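Notes follow the structure.
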Amino acid sequence: MVRFPEDYERIEQVIAPDGSYDEAAVASLDLDDDTLRSMYETMVRSRAIEERGMTLQRAGELPIWMECRGEEAAHAGPAAALCGNDWIGTDWRQFGTHLQRGRSMEDIFLFWLRGYEEWPDREFGTDGPPARLRRLPHTVAVGTTVPQAVGHAWGRKYQGTDDVTLAMFGDGAASKGDVHEGMNFAGVMDLPVVFLLENNQWAISVPVDRQTGAETYAARAAGYGFGGVLVDGNDVLATYRATKRAVERARAENEPTLVEALTYRRGAHSTSDDPSLYRDEAEVAEWEKRDPVDRYERFLEDRGLWTPAYAEEVRESAEAEAKEAADSAIETAAEQSPEEVFDEVYANPPAAVESQRRELERLRERFGDEVFGE
Ligand SMILES: Cc1ncc(C[n+]2csc(CCOP(=O)(O)OP(=O)(O)O)c2C)c(N)n1
Ligand SMILES: [Mg+2]
């Protein structure tokens, strides 16, 4: 397996770990100051929503919560590389991808509180839904983002649109048959899809060298007939650049790309996990030194786009936003009725679902609302 830091020269970077960079490489990205700053703000907001979610879970409000500390650059960069009419399919970890696309923190909390999803209701006219709604349903079934995104991209190609679908998934997911089938299909059918494999080196307690005997995941792309690239997943401009190139290729030539973003899951898998049982804390400490936010701050500061006062302002505003979003989501969730779980699933519900709905009504009649924890 390719490893940090020994193999740095085999991993695409724009900003080196010490914050230094090649001026020509940055100039070629043609990014304005607002976009450069927006990726920073997304990373800080992502950290704020993560922290607020941890607090809520510990307080018993959320059943489960995910950590994404250290992986923010692998989330924000790819999202910034998309156009407003492109689509994303994510799993459970990519808060920054959603935030960069304009999804609100409240909407993210509502999903984790009640499985709530804000859906386009076809009122958007010919332009279709805005970027924040151009996403496939949240999925927690490992690896399913790939076949879903591939099917979606196939459908969009068939409809004659020019939008691209980005599928995000992990190193663990990459061991699933669905991921292989999806990527193979995309290569055969020439589909406008980009595969963003977030290699955070762990799938709960399984380390990446128990998932693959290959040196990189990116190399797999050759077997599907398209390109693969390995980038530093802690460098937001590297994840941006690789995704941008892949998106352009997908749009212009219907050619998929596999982008492997090499990063590290510094926190636990979720609030149900205790990583001290299976890994060495020294490894985590090493990765703290490669923090993606710190690195990007050094870069922005060098370009006159960052000061400690600006950082403080962004952090305070992100924390206030996360708190407000959490309070509001909890209030909205409390107003939702358990029956809603049956809504908007089937146009014509099958008998088994109808019988479950009746069972819920009977329980309510017998025990009252208290049984639902209200
Ligand atoms: C089909 C399926 N099997 C098992 C699980 C339990 N599970 C949830 S996340 C996960 C590991 C996923 O690892 P990876 O793809 O590397 O993503 P990461 O969590 O590291 O971001 C597992 C096994 C699941 N959700 N779905
Ligand atoms: Mg993983």
Side-chain angles (χ1 to χ4, degrees), residues 1-4 11 43 46-47 49-50 53-54 57 62-79 88-99 108 111-112 115 135-150 166-183 195-214 216-218 220 230-234 239 258-280 283-284 286-287 290 292:
M1 204 68 207
V2 168
R3 291 268 170 222
F4 277 117
I11 303 166
M43 292 201 280
S46 166
R47 208 158 273 194
I49 192 176
E50 175 194 280
M54 291 302 283
Q57 201 279 338
L62 278 167
I64 190 167
W65 187 246
M66 305 293 164
E67 297 182 80
C68 62
R69 212 168 338 126
E71 295 172 59
E72 296 88 347
H75 301 159
I88 56 168
T90 64
D91 54 39
W92 41 87
R93 208 172 292 288
Q94 297 90 10
F95 299 125
T97 307
H98 291 276
L99 295 174
I108 296 173
F111 174 76
W112 290 100
R135 54 191 171 81
L136 308 187
H138 253 293
T139 172
V140 291
V142 173
T144 47
T145 54
V146 170
Q148 287 173 3
V150 168
L166 173 74
M168 300 185 78
F169 58 104
D171 44 290
S175 295
K176 294 266 327 282
D178 345 25
V179 170
H180 160 69
E181 288 166 25
M183 293 211 270
F195 301 107
L196 198 295
L197 195 163
E198 184 178 343
N199 179 1
N200 64 9
Q201 307 189 48
W202 290 93
I204 312 184
S205 57
V206 181
V208 69
D209 59 11
R210 305 306 297 159
Q211 297 285 359
T212 179
T216 73
Y217 281 105
R220 281 190 192 180
L230 173 63
V231 302
D232 184 339
N234 285 21
T239 62
L258 171 60
V259 179
E260 175 183 355
L262 183 56
T263 178
Y264 188 84
R265 195 199 78 210
R266 274 164 35 194
H269 168 74
S270 72
T271 45
S272 309
D273 174 43
D274 175 5
S276 70
L277 297 172
Y278 56 80
R279 74 177 180 190
D280 184 358
E283 190 177 284
V284 180
E286 275 309 303
W287 281 89
R290 301 178 193 133

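Because only heavy atoms are used, hydrogens play no part in the values below, and waters and symmetry mates are left out as well, while side chains stay in. In each ligand, atom 1 is the first atom listed, and ligand 1 is the first ligand listed. Note that the numbering runs from 1 along the sequence shown for the chain. What you see is a predicted model, and the numbers here were worked out from it, not measured in a lab.
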### Query
For Phe95, which residues count as a ring pair (Phe, Tyr, Trp, His ring centres under 6.0 Å) partner, sequence neighbours excluded?
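Phe95: ring pair (Phe, Tyr, Trp, His ring centres under 6.0 Å) contacts with Trp65.
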### Message
Tell me how many protein N, O or S atoms are within a distance shorter than 2.8 Å of the Mg ion (ligand 2).
### Response
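Total protein N/O/S atoms under 2.8 Å from the Mg ion (ligand 2): 3.
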Check ligand 1 for close polar pairs with the protein: N or O on both sides, less than 3.5 Å.
residue	atom	partner	partner atom	Å
ligand 1	15 (O)	Gly172	N	3.3
ligand 1	15 (O)	Ala173	N	2.8
ligand 1	16 (O)	Asp171	N	3.3
ligand 1	16 (O)	Asp171	OD1	3.1
ligand 1	16 (O)	Asp171	OD2	3.4
ligand 1	16 (O)	Gly172	N	2.8
ligand 1	16 (O)	Trp202	O	3.3
ligand 1	19 (O)	Trp92	NE1	3.0
ligand 1	19 (O)	Arg93	NH2	2.7
ligand 1	19 (O)	His269	ND1	3.3
ligand 1	20 (O)	Asn200	OD1	3.1
ligand 1	20 (O)	Asn200	ND2	2.9
ligand 1	20 (O)	Trp202	O	2.8
ligand 1	21 (O)	Arg93	NE	2.8
ligand 1	21 (O)	Asn200	ND2	3.4
ligand 1	25 (N)	Val140	O	2.7
ligand 1	26 (N)	Val142	N	3.1

### Main-chain N/O of His75 paired with Thr97 side-chain donor or acceptor, under 3.5 Å
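Yes: the side chain of Thr97 pairs with the backbone of His75.
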### Query
Okay, side chain of Tyr217, backbone of Asp171: is any donor-acceptor separation there less than 3.5 Å?
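Checking the backbone N and O of Asp171 against the side chain of Tyr217, a donor-acceptor pair under 3.5 Å is found.
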### Message
Please determine whether side-chain contact (heavy atoms from CB on, under 4.5 Å) holds for the pair Met183 and Val146, giving the CA-CA distance in whole Å, both sets of side-chain angles, and the decisive distance to 0.1 Å.
### Response
CA-CA 7 Å; Met183 293 211 270; Val146 170; 4.2 Å; yes
### Message
If you compare all heavy atoms of Ala174 against all heavy atoms of Arg220, which two are closest, and at what distance to 0.1 Å?
### Response
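Here Ala174 and Arg220 meet closest at O-NH1, 2.9 Å.
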### Task
Could you name each residue pair satisfying salt bridge (Lys or Arg N to Asp or Glu O under 4.0 Å) that touches residues 271-280, not counting sequence neighbours?
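Matches after skipping sequence neighbours: Arg265-Asp273.
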Can you find a side-chain donor-acceptor pair between [X] and [Y] that sits under 3.5 Å?
X	Y	value
Thr263	Asn234	yes
Glu283	Gln201	no
Gln211	Ser175	yes

